[in-house]
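One-based numbering, in listed order, for ligands and for the atoms of each.
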Amino acid sequence: MSHRRTPFVGGNWKMNTDLASAVELADDVVSSCKGFVEKCDIAVFPPFPYLQAVGKTLGNHGILLGAQDVYHEGNGAFTGEVSAEMLVDLGVSVVIAGHSERRHVLGEQDELINQKVRAALDAAMWVILCVGEKLDEREKGKAEEVSVRQLKMGLEGVPMEQMRQVTIAYEPVWAIGTGKTATAADAQAMHLVLRREMARLYDDPIARETRIQYGGSVKGANAAELIAQADVDGFLVGGASLKSDEFGTIVGAVVAAP
Ligand code: PEP
């Protein structure tokens with residue numbers, strides 16, 4: 001189970017930037033990731049209002065336009081929500097589902113996250129399904145149980161044929177935006193647990209082919225050590241994705257990994 005999978009790095013801008021700085025950041029990311037797009041899938045996830053402008057800036061440079069969330073209904077009386085079809089209409093090709101901030105700040109449950117995963121897959125988009133335990137869960141020895149449960153529930157009803165559209169992001173909640181990174185060994189251990197669970201849920205080829213990103217205070221300085229782990233296939237980057245140079249350094253480390 002080694003690095004034959006194409007690596008995948010996403011930059012989650014969260015609720016940051018304004019229109020002008022989002023466009024500028026997208027433009028800078030295109031420059032800082034030049035030469036990497038053939039070797040690594042790269043996506044940026046701007047706030048919803050800036051998707052169209054950022055998409056225009058990304059143009060045909062090979063960087064994917066991503067959305068931070070999606071609603072599972074097609075259209076109708078769902079005030080404030082955005083459907084998969086609307087995102088596709090804007091050129092979005094990948095969405096994040098189950099980010100820890102949506103789980104723990106906005107209160108999203110596994111059932112809703114699963115509906116979002118399936119709606120985005122049915123709209124032919126890629127999905128990054130985020131899983132990961134909170135600090136108290138890790139301290140109680142429940143890290144694996146929590147992450148595996150989120151994986152299973154997030155993928156419920158997803159057929160084998162759609163698994164090639166799925167990436168998993170292991171993001172221990174205690175490492176997100178805190179400056180604390182899981183050790184490379186901790187990340188590898190959990191990625192292997194998740195991969196084995198996918199082999200149980202599907203089969204060995206699916207487990208082998210599905211990419212698992214690590215997320216949690218990834219930066220230029222720790223990317224190389226993390227990506228060197230056999231089951232770490234890329235990163236979901238928050239804070240450091242707001243600096244194009246740092247993001248480029250991370251992608252560069254991924255591309256340079258043996
Ligand atoms: C994230 O938002 O998915 C994330 C990992 O954030 P940060 O890199 O800032 O910890």
Considering distance alone, does some N or O of G238 sit under 3.5 Å from an N or O of ligand 1? yes
From atom 3 (O) of ligand 1, work out which of K14, K180, E171, K219 has a heavy atom at the shortest distance. E171
If the cut-off is 4.0 Å to any non-hydrogen atom of G216, which atoms of ligand 1 fall inside it? 5 (C), 10 (O)
Below 4.0 Å, non-hydrogen atoms only: which portion of S100 touches ligand 1? Side chain, backbone, both or neither. neither
Can you confirm whether E108 is buried at CD, in the sense that more than 12 heavy atoms of other residues, nucleotides or ligands lie under 6.0 Å from that atom? yes
Do the numbers put R211 on top of the ring of W126, so that NZ or CZ is under 6.0 Å from the six-membered ring centre and no more than 45° off the axis? yes
Would you call A240 a ligand 1 contact, heavy-atom distance under 4.0 Å? no
Does ligand 1 have a heavy atom under 4.0 Å from the side chain of I176, from its backbone, from both, or from neither? both
Quick one: which ligand 1 atoms are inside 4.0 Å of a heavy atom on N12? 2 (O)
Measure the distance from atom 9 (O) of ligand 1 to every protein heavy atom, then report the residue, atom name and distance (to 0.1 Å) of the closest one. G239 N, 2.8 Å
Any idea which protein heavy atom is nearest atom 1 (C) of ligand 1, and the distance to it? H99 NE2, 3.2 Å
Close-contact set for ligand 1 against S217 heavy atoms, below 4.0 Å: 7 (P), 8 (O), 10 (O)
Do other residues, nucleotides or ligands put more than 12 heavy atoms under 6.0 Å from E144 CD? no
Mark up the atoms of ligand 1 that fall under 4.0 Å of a heavy atom belonging to A175, in ascending order. 10 (O)
